[in-house]
Amino acid sequence: MINITLPDNSIKAFEAFPTGMDVAKTISEGFARSCVAMEVDGQPMDLSCDITCDCGLKFITTRDDAALEILRHSAAHVMAEAVQNLYERAALTIGPVVEDGFYYDIDMDPISEEDFPAIEAEMQKIIKAKKNFERTVVSKDEALEMFKDNPYKVELIQALDDQEISLYRQGGFTDLCRGPHIPHTGMIKGVKLMKTSGAYWRADQTRQQLQRLYGTAFFDKKALKKHLHLIEEAQKRDHRKIGTKLDLFSFHQEAAGMPFFHARGMDMWNVLLDYWREAHREAGYVETKTPVMLSRHLWEKSGHWENYRENMYTSVVDEEEYAIKPMNCPGGMLLYKTGSHSYRDLPLRAGEIGLVHRHELSGALSGLFRVRAFHQDDAHIFMMPEQIEEEILGVLQLVEKVYSQFGLGFHLELSTRPEKSIGSDEKWEQATNGLRNALDKYGKEYLINEGDGAFYGPKIDIHIKDALGRTWQCGTIQLDMALPERFDLTYKGADNGKHRPVMIHRVIYGSIERFFGILVEHFAGKFPLWLAPVQAILLPINDALNSHAKKLQKQMSALGIRCEVDKRTESLKKKIREAQVNYVPLIITVGEKEKESGTLAVRTLDGKVRMGLTMEEFSQVVLKHIKERTLDAQLFQ
RNA sequence: GCCCAUGUAGCUCAGUAGGUAGAGCGCUUCCUUGGUAAGGAAGAGGUUCAACGGUUCGAAUCCGUUCAUGGGCUCCA
């Protein structure tokens, strides 16, 4: 007789040992069908397992996020079987679940997406056959014997501590696996292979290159469709495409990974920085600037020469070696040391829009998201140890203010001391507590990544969430216990003694180039008025009105509205269409009526037209929206 | 840096048994002077197909190298 406690605290008693599925069926047949796996006292297990003692039992149903992972892992097995059926010499390695799907690394000849239909067809056969996933346990030696033809599996098995090894079998296919799995292959309703790439065995460049096959799977076709739609949507928003279309920026072979900003892109760039400067001035920051190229001696002192050299561009000037800065901090150190500092002057918040260069691997470059030259909206804050909490809190508040200006949500992650680190236990504790207390005081939930901090100090990373729900790490607040030491920074305390200041590095946009790209995708090119590269376009109805339109443009420009005239000899319809597809927020048609009455006919992107606005009325509304940086597309009531 | 794919007019792309380049958009000119999502016609534009080298009587098309781009891997003290 055993008693099983369910999440609602009800207890079910069984005479014999039931399987999980048996228990599920006592709830209802329908419920049992939706069950994927179970947790017995928190341990994930297959539904087919016997329950042999009193325990707490929680079913994982198709609605749980955990279920999706189990399904995808099972789908990886199905894909592996399919590949093995089709390619005899394919040697399986590992096939984990990743965000959005799964992959399997397989030692086989290179394949391409053209091979996908055949593999998918084979997978469908396996799925249709509704093969049960059966778990068996063997000894390590037995497992080694079974997989003796596959050196990868042998290596995996040997690395396992357990003496007992679980295997999963679906039909004639068996794979080494911890499990759990879904009951049978038929539950995989929506599955698709996504892409393929090379990957190294154990991520080691010196070892065998494997074929990585990516796929994704869902419990129903609809969810798969939705997922594919989201991907499509993201592709449409690709900042590289929109950047070209809206004439914002470009890339050239002559400077790989280093973006060129066009006039319109620069307009937006300046708007971003104007806002940044305004917000930082209000938050008590000063702005500084340090050189792009600095002597090797400095980098040796900062430790970059030793630790970051492979990413740095160098040059020789007058027989002295120089490096182009990959970070702004060493220059910031020199600035701090320019004068003496009193505790009364702390915290000192020194911002810098610093242009940095990092030699990223050629294969890593990607649009504005991964570049070799970019600007950081950096700031170094120097303070007394007891100011850490309040200062961090201030940065968090600034972060929230800036991101919400763009309608971006965010979440926080705290990274603590890693194994390899410098500094005393006491200092780490003080620093980490400072960050933690600030986070607690701030009140928003945060994740903790134990041991994920930099070797020189703990940090808070800020991940923003865009309109498609994708997250991007942009902001970071890093406490640095190394540099103040290396550069012997001091301040004069109230006791008239020398003290070591605490320093943090922090960015909010992060890389301005990257943030720019994120904004392009977040808004899908349809920027709010205050950000739009072209805020208003004047469309003369006929050529005779070009000069009147030109006059209006001058007036608007003088008011600070970014405004153009489309004076091509084209039909009004065409000009409107183009302005509309280029997302110009204010489309102003200029006809005889407007000229005579001195008014404006304004069309907004929702297609609505307001006639008879005076320049006064128009500019009042428009300038208000620009000044307040509103996100709302409803410009006029 | 590694693997795979791609690189043709400003943009998007077509062009395979290798025979000396095309379309749409854009641009220019002309006609139309139009009232809220594409009016019509003509024309220019590629140092000739990323660059360099090779095979061939002949290469955008085949081969090699390099560069760049894309997707991954890796890296990101």
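Quick note on labels: first sequence line is chain A, next is B, and so on, each numbered from 1. All figures in this text were calculated on a predicted structure; none of them were measured in a lab. Note that these values count all heavy atoms, side chains included, but never hydrogens, waters or copies made by symmetry.
- Here A:His262 and A:Phe249 keep their ring centres 6.0 angstrom or further from each other.
- Within the 4.0 angstrom heavy-atom criterion, only backbone atoms of the sugar-phosphate kind lie near A:Tyr214; the bases stay farther away.
- If you check every strand for non-hydrogen atoms under 4.0 Å, A:Leu365 touches sugar and phosphate atoms only.
- A:Gly257 comes within 4.0 angstrom of sugar-phosphate atoms only, judged by non-hydrogen atoms across all strands, and of no base.
- Contacts of A:Ala454 with the nucleic acid, taken as non-hydrogen atoms under 4.0 Å apart, are absent.
- If you check every strand for non-hydrogen atoms under 4.0 Å, A:Arg568 touches sugar and phosphate atoms only.
- Here A:Lys245 does not pair with A:Glu578 in a salt bridge; the nearest charged N to carboxylate O distance is not below 4.0 Å.
- For residues 233-249 of chain A, proximity to RNA chain B is found at A:Arg240, defined as any non-hydrogen atom under 4.0 angstrom from a strand atom.
- A:Arg603 comes within 4.0 angstrom of a nucleotide base, judged by non-hydrogen atoms across all strands.
- Residues passing the side chain to side chain donor-acceptor pair (under 3.5 Å) test with A:Trp472 are A:Asp466, sequence neighbours excluded.
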Starting at the 5' end of nucleotides 38-51 of chain B, put B wherever the base has a protein heavy atom under 4.0 Å, S where only the sugar-phosphate does, and a dash everywhere else. BS------------
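- A heavy-atom distance below 4.0 Å to RNA chain B is reached by none of the residues of residues 501-510 of chain A.
- In this structure, A:Gln478 reaches neither bases nor backbone, as no heavy-atom distance under 4.0 Å exists between it and the strands shown.
- Listed in residue order, the members of residues 536-550 of chain A having a heavy atom less than 4.0 Å from RNA chain B are A:Ile541, A:Asn542, A:Asp543.
- In this view, A:Asp238 and A:Arg240 satisfy the salt bridge (Lys or Arg N to Asp or Glu O under 4.0 Å) rule, not counting sequence neighbours.
- Under 4.0 Å is where a charged nitrogen must lie from a carboxylate oxygen, and between A:Glu233 and A:Lys236 at least one such pair does.
- Within the 4.0 angstrom heavy-atom criterion, only backbone atoms of the sugar-phosphate kind lie near A:Gly367; the bases stay farther away.
- Comparing the C1' positions of B:A44 and B:U29 gives a spacing of 10 Å, expressed to the nearest Å.
- Residue-level contact check: A:His252 touches neither bases nor backbone, having no heavy atom under 4.0 Å from any strand.
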